[in-house]
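Fair warning: this is a prediction, and the values are worked out from it, not measured in the lab. Throughout, numbering of the chain's residues begins at 1 and tracks the sequence. Just so you know, these numbers use all the heavy atoms, side chains as well, and skip hydrogens, waters and symmetry mates.
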Amino acid sequence: MRRMFGRLVDRDLPADFAGKLAANEHVLAVAELADGGHVVATSVGLWLPDGDGVRCIGWHLISKATWAQGSLSVVEAVETGAVADVVLLADRPPLRLRLEQSGRVPEMVHARVTGSIKSSHHRDLPGGGAWVVQRSVA
């Protein structure tokens, strides 16, 4: 039954989608970009055009996402190091994606990004501060 459901959901993928979904990865929403290509939200992350192909940003690596005036802005975090069991992340510049028709993509992005946050708190440090965020990995 699950295999059959997965096949039905995968039909929602655009015909020209160049990514390869994992066996247990499910499509949640798809939107066409104004400049061509698609944004695909899955149970694992957000698939975006990248050069001649596509890449997936895991939900736990999206620091911030906003939806305004037909554009989705996504701030991706990249791993910069580790201290013991703590992974240090730094934010990349925001990616601005103008969606032709948003569909359920903004709703799914909001739900998945906020749903990946288990706890957060701010720590004051000399000369500034830092957010400590515990996130779950899909």
Heavy-atom distance under 4.5 Å between the side chains of Leu33 and Val39, does that happen here?
yes

Minimum side-chain heavy-atom gap Val133-Ile117 below 4.5 Å
yes

Ser102 versus Pro106, closest heavy-atom pair with distance:
O-CD, 3.6 Å

Glu25 versus Thr42, side-chain donor and acceptor atoms under 3.5 Å
yes

Are Leu95 and Val78 connected in a single hydrophobic cluster, I mean Ile/Leu/Val/Met/Phe/Trp/Tyr linked by side-chain heavy atoms less than 4.5 Å apart?
no

Taking the side chain as every heavy atom from C-beta outward, state whether Leu97 and Leu48 have any pair of such atoms under 4.5 Å apart.
yes

Which ring-ring contact (aromatic ring centres under 6.0 Å, His included) pairs, counting each pair once, include a residue from residues 102-138, with sequence neighbours left out?
His122-Trp131

Nearest 0.5 Å, what's the OG-CG distance between Ser43 and Leu21?
8.0 Å

Distance check, rounded to the nearest 0.5 Å: Arg123 atom CZ versus Leu125 atom CG?
8.0 Å

Closest non-hydrogen atom pair between Ala77 and Asp91, with its separation
CB-OD1, 3.8 Å

Got a second to check how far Leu61's CG is from Cys56's SG, nearest 0.5 Å?
9.5 Å

Mind listing the closest non-hydrogen atom pair of Val105 and Val30 along with its distance?
CG2-C, 3.6 Å

Between Arg55 and Glu76, does any side-chain N to carboxylate O distance fall below 4.0 Å?
yes

Just so I know, are the side chains of Val40 and Leu46 near enough to count as touching, which here means a heavy-atom distance under 4.5 Å?
no

Can you pull out every ring-ring contact (aromatic ring centres under 6.0 Å, His included) where at least one residue sits in residues 30-83? Sequence neighbours excluded, please.
Phe17-Trp47

May I have the step-by-step check of side chain to side chain contact (heavy atoms under 4.5 Å, CB included) for Val109 and Glu107, ending in yes or no?
CA-CA 6 Å; Val109 169; Glu107 172 189 345; over 6 Å; no

Verify the distance criterion only: is there a donor paired with an acceptor across the side chains of Ser116 and Arg135 at less than 3.5 Å?
yes

Would you give the length of the straight line joining atom CD of Gln134 to atom OG of Ser119, rounded to the nearest 0.5 angstrom?
4.0 Å

What about Val54 and Val74, same hydrophobic cluster or not, with Ile/Leu/Val/Met/Phe/Trp/Tyr joined at side-chain heavy-atom distances under 4.5 Å?
no

Indicate if Leu72 and Leu28 have the same hydrophobic cluster label, given that clusters are the connected sets of ILVMFWY residues with side-chain heavy-atom separations under 4.5 angstrom.
no

